[in-house]
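For reference, the structure discussed in these notes is given below.
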Amino acid sequence: MTELLIRGGLVFGPDGPLEADVLVTDGVITRVDARGSTTTGETVIDARGMYVMPGAIDVHVHSRDPGFPEKEDFGTLTAAAALGGVTTVLDMPNTVPAVDAAGVLESKAALARPKARVDFGLWGLIRFSSSEDQLEELAAAGAVGFKAYLGYGFSTSRKQVLQSVDADDPDLEAPPDYGTLARLAPAIARLGLPLVIHAEDPAILSAFRRPLETYADLLESRPAEAEAVAISAAAAIARESGVSLHVAHLSSALGLRAAQDAMRSGARLTLETCPAYLWLSDQDFPRLGTSMKVFPPIRTAADRDALVKAAANGVIRIVATDHAPHTDEEKSRPFGEAPSGSPGVQTLYLSCLELAKRLGDVSLAPRWVSEGPAALAGLGQDKGAVATGFDGDLVIVDPLRKTQVRPALMRSRQRHSDLDGQEFGFVIRDVFLRGRPIVRDGKLTGRASGRMVRPARLKS
Ligand code: NCD
Ligand code: ZN
C-alpha cells in the first residue's frame, strides 16, 4: 500500500475551498478532512499556505505524435503538461496516420504509453467516408469521442488531415460536411460519446478567402458568421439525433449567441474556449505577430469580453488549450504562409487561475480546467474533483509567488507562446498523478507513468 498525505492546504473540493488534509491510498483519494485529524501517511507533503486543486484535463491538445516529431511528441507534450498541472491530455486525431480506425488508435496508444508523463485519452476522426462500423470500432478501442474538422480534407495516400484543402493532392477525399454529421450523429448518440466540431462553415470561408497580408485580412477571411453558422447547423443535427455536441475553441460573441440559442432550443451542447481567446484580441498582433495566428482567429476585445463573461457565468464550462505547436521556422514564414496554431498546455492552469482571481472567484479555474472537462470526456467518475473515490491527480499551487511566461520556462518542443510576457500570480509547485509525484518544486520527477483513460459512455 502506498500513501500520500497532503497536509494543511486550502483544498478546492466540489463544495468550494476548505482547509483540509488529503489522503491518497494506492492512487485514489481516500480521505479529505479537517486539518490535523489524519494519521501520518508514507509520504507527507506540507501544503500550508498552498492551494490543493484537482489536476487539469486538457481536452484539446495536438501531440503531433506520430507524424511531426520536429513539432512535438508525447514526451515533450506531457512534460509541458505535467509542469503546468495538467494531469490528463486528450489528443486530437490529426496525427499521421490520422486516427480514423481502431487499429490506428491502438498503435497510437502503444506509442504514447511509454512516453506519457500524464494520463491521456485519444479522440477519433470523422472522415467524409467514415462508416458507423468504423466509429463503433474506435469506441470499442477506447476513443473518448469523435472530431469532425469541417472543411479539412483527408489525403487518402498521405493518411493525413490537411490543414487547408490542398487542390493539388489527387488523393484528396472531400472534407466531412453537415451531411456527414447528419449521417453519423445517430450512431454517435447510441455510442454515448461526444461529437466535437471545428466550427467554421467552409462555404463562408471560401466566400471570404483572400491573400493574408495583415491581421485584418485574417479576420475578414474567417468571419464570426462562419462560426455561428457551423454551430447552428451542427446543433440542429444534434437536437434531432440526441447526440451530445461539443464546440471546440469558441472564438466569437456571434458564435456564443448561436450556441445559446441552440441550447435554449434543446440541443445538448458543451462549449470550450481557450486562454488565448480570453486573454488576447486583434490589438495584440503588433506585439505577438504570427505566434497568435490560430484558427479560428483571435478576434476583437468585444468578442474576448463576451467569452470571459460566458465563462464566468457558467455558459462556457470548459477551457482547453488547442495546444498546436509548429516550429519556429514555420511560424516565422510570411503571415499568409505560416501555419496556424500555438502551444499552450503548460500555461492553461496558471492563466485560468489568474483570470478567475481577477473575476473574484479562484474556484472558477478548477471548474473550467478539471470539472467541466471530466464531464465532457466521460471521466467524471474518476477525475475532475478533489473528493473521496477520485484519482489522486492533485496540483499544489503557491498563490503568493508569480510566474512570468517566457521561452526559457517552456518544456514543449516549441517554446514560443501567445501568452509570452504575461505575468500570473501563481506557481505550480507540485503535481501528483494518481498519488505519485510527477513534479516537485517546479521540476519534473519520476518516470513516464501515464495511462490511457477510457470514457464511461454518456447516458441518453
Ligand atoms: C490546429 C493544428 O495546428 O492542428 N490549428 C489551429 O490553428 N487551431 C488545428 C485545429 O485545431 O483546428
Ligand atoms: Zn480546430
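Each ligand, and each atom within it, is numbered from 1 in the order the structure gives.
For the Zn ion (ligand 2), the nearest N, O or S atom contributed by His249 is named NE2.
Residues Arg209 and Ser221 form no side-chain contact, since every pair of their non-hydrogen atoms from C-beta on lies 4.5 Å or further apart. For the pair Trp368 and Glu272, the minimum side-chain heavy-atom distance is 4.5 Å or more.
Taking a cut-off of under 4.0 Å to the non-hydrogen atoms of Val294, the atoms of ligand 1 that pass are 7 (O). Less than 4.0 angstrom separates some heavy atom of Asn94 from each of these atoms of ligand 1: 4 (O). Close approach of ligand 1 to His249 (heavy-atom distance below 4.0 Å) involves ligand atoms 11 (O), 12 (O). Close approach to His326 involves these atoms of ligand 1, each under 4.0 Å from a residue heavy atom: 3 (O).
Classification of Asp65 and Lys108 as a salt-bridged pair fails, no side-chain N sitting under 4.0 Å from a carboxylate O. Note on Arg287 versus Asp420: no salt bridge recorded, every NZ/NE/NH1/NH2 to OD/OE distance being 4.0 Å or above. Residues Asp391 and Arg451 are not paired through a salt bridge, judged by the lack of any N-O separation under 4.0 Å between the basic side chain and the carboxylate. Checked for salt-bridge contact, Glu70 and Arg413 miss the test: no charged N lies under 4.0 Å from a carboxylate O.
A donor-acceptor contact under 3.5 angstrom links the side chains of His326 and Lys71, judged on distance only.
Annotation for Arg183: atom CZ counts as buried by contact number, over 12 foreign heavy atoms lying within 6.0 Å.
Taking distance alone, with nitrogen or oxygen atoms compared against 3.5 Å, Ala324 stays at or beyond that limit from ligand 1. Between Tyr149 and ligand 1, not a single N/O pair is under 3.5 Å apart.
Residue contact annotation: Arg64 has a non-hydrogen atom under 4.0 Å from ligand 1. Note on ligand 1: His60 sits in its first shell, one or more heavy atoms being nearer than 4.0 Å.
His198 lies close to the Zn ion (ligand 2), since one of its N, O or S atoms is found at a distance under 2.8 Å.
Comparing heavy-atom distances from atom 11 (O) of ligand 1 across His62, Glu200, His323, Lys147 singles out His62 as nearest.
Of all protein heavy atoms, the one lying nearest to atom 2 (C) of ligand 1 is Gln163 NE2, 3.1 Å. Closest to atom 7 (O) of ligand 1 among all protein heavy atoms lies Ser340 OG, 2.7 Å. In terms of protein heavy atoms, atom 8 (N) of ligand 1 is closest to Asp322 OD2, 2.7 Å.
Cation-pi geometry between Lys293 and Phe335 is satisfied (NZ or CZ under 6.0 Å from the ring centre, within 45° of the ring normal).
At a heavy-atom distance under 4.0 Å, no atom of Lys293 approaches ligand 1.
Ring geometry for His249 against His60 counts as tilted: the plane angle lies between 30° and 60°, on a 0 to 90° scale.
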